[in-house]
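See below for the structure under consideration.
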Amino acid sequence: MAATTSSGQSPRTRSPAPFLSKTYDLLEEGAAEEGDSGKKIVSWNAEGSGFVVWSPAEFSELLLPKYFKHNNFSSFIRQLNTYQGFKKTSPRQWEFKHERFQKGCRHMLVEITRKKCEPSAFPVYLKASEESGSSNTAVAAAEENNCLLLMEENKNLRKQKLELQMQISQFKALEMKLLDCLAQNMEDHQKNKVRC
């Protein structure tokens, strides 16, 4: 006797995309394996409604290779963006949210879908060349569409570059403060040493 669900589907359940499962596992298991210093590399946000990559460099070096076949943070972000609904929520940190990607809700991963792919312009070129006497309107439209897509991608890359440059300048300012603090500490230590 074969069991069926109330919707008439077979009992075989859908499984989430491997990328989503691995990312979820990375957060559940990988976040528990904090770095040597005990600081967070990646974790769920306080509400469990998204996740934060606290240290992209360590995330790429230590965690990505354990779950994926690469250690490229940009590739991870690009892959994440192929799924409908993922949003980067803060310009100051790498925090991402999705209404179906939440702590303790692995079962909702199957409801996350990929974005619809833009149709390739290549078949349009083939079709246009096969049809004798057809106008080049379809080809021109495909070229224009590709141009718009490239311009949008360039715009997004420029935005990411600016965000990274802001982070770099913040880290440089922090480095200068730390060096000043260290120099002050060394100076105070020398003064105390002379008094003794």
- Query: Can you tell me if K40 uses its side chain to pair, donor with acceptor, with the backbone of W54 under 3.5 Å?
  - Reply: no

- Message: One pair to check against side chain to side chain contact (heavy atoms under 4.5 Å, CB included): H98 and I112. What are the steps and the verdict?
- Response: CA-CA 9 Å; H98 188 289; I112 299 174; 3.5 Å; yes

- Query: Who pairs with E187 by salt bridge (Lys or Arg N to Asp or Glu O under 4.0 Å), at least two apart in sequence or on another chain?
  - Reply: K191

- Item | Chi angles and distances behind the ring-ring contact (aromatic ring centres under 6.0 Å, His included) call for F73, W94 | CA-CA 11 Å; F73 185 63; W94 293 99; 5.1 Å; yes

- Query: Can any side-chain N or O of Q102 pair as donor or acceptor with the backbone N or O of E99 at less than 3.5 Å?
  - Reply: yes

- Closest approach of I41 and E58, non-hydrogen atoms and distance? CG2-C, 3.9 Å

- Task: Mind telling me whether F51 and F86 have parallel, tilted or perpendicular rings, with 30° and 60° as the class edges?
- Result: perpendicular

- Query: Partners of F19 by ring-ring contact (aromatic ring centres under 6.0 Å, His included), sequence neighbours excluded?
  - Reply: F68, F76, Y83

- Find out if a path of hydrophobic residues (ILVMFWY) with successive side-chain heavy-atom gaps under 4.5 Å connects L27 to I77. yes

- Can you pull the salt bridge (charged side-chain N to carboxylate O under 4.0 Å, His left out) pairs that have at least one residue in residues 69-88, sequence neighbours excluded? K88-E163

- Here the gap from S74 atom OG to L164 atom CG, rounded to the nearest 0.5 Å, amounts to 7.5 Å

- Message: Membership question, hydrophobic clusters at under 4.5 Å side-chain separation (ILVMFWY): are L20 and Y24 in the same one?
- Response: yes

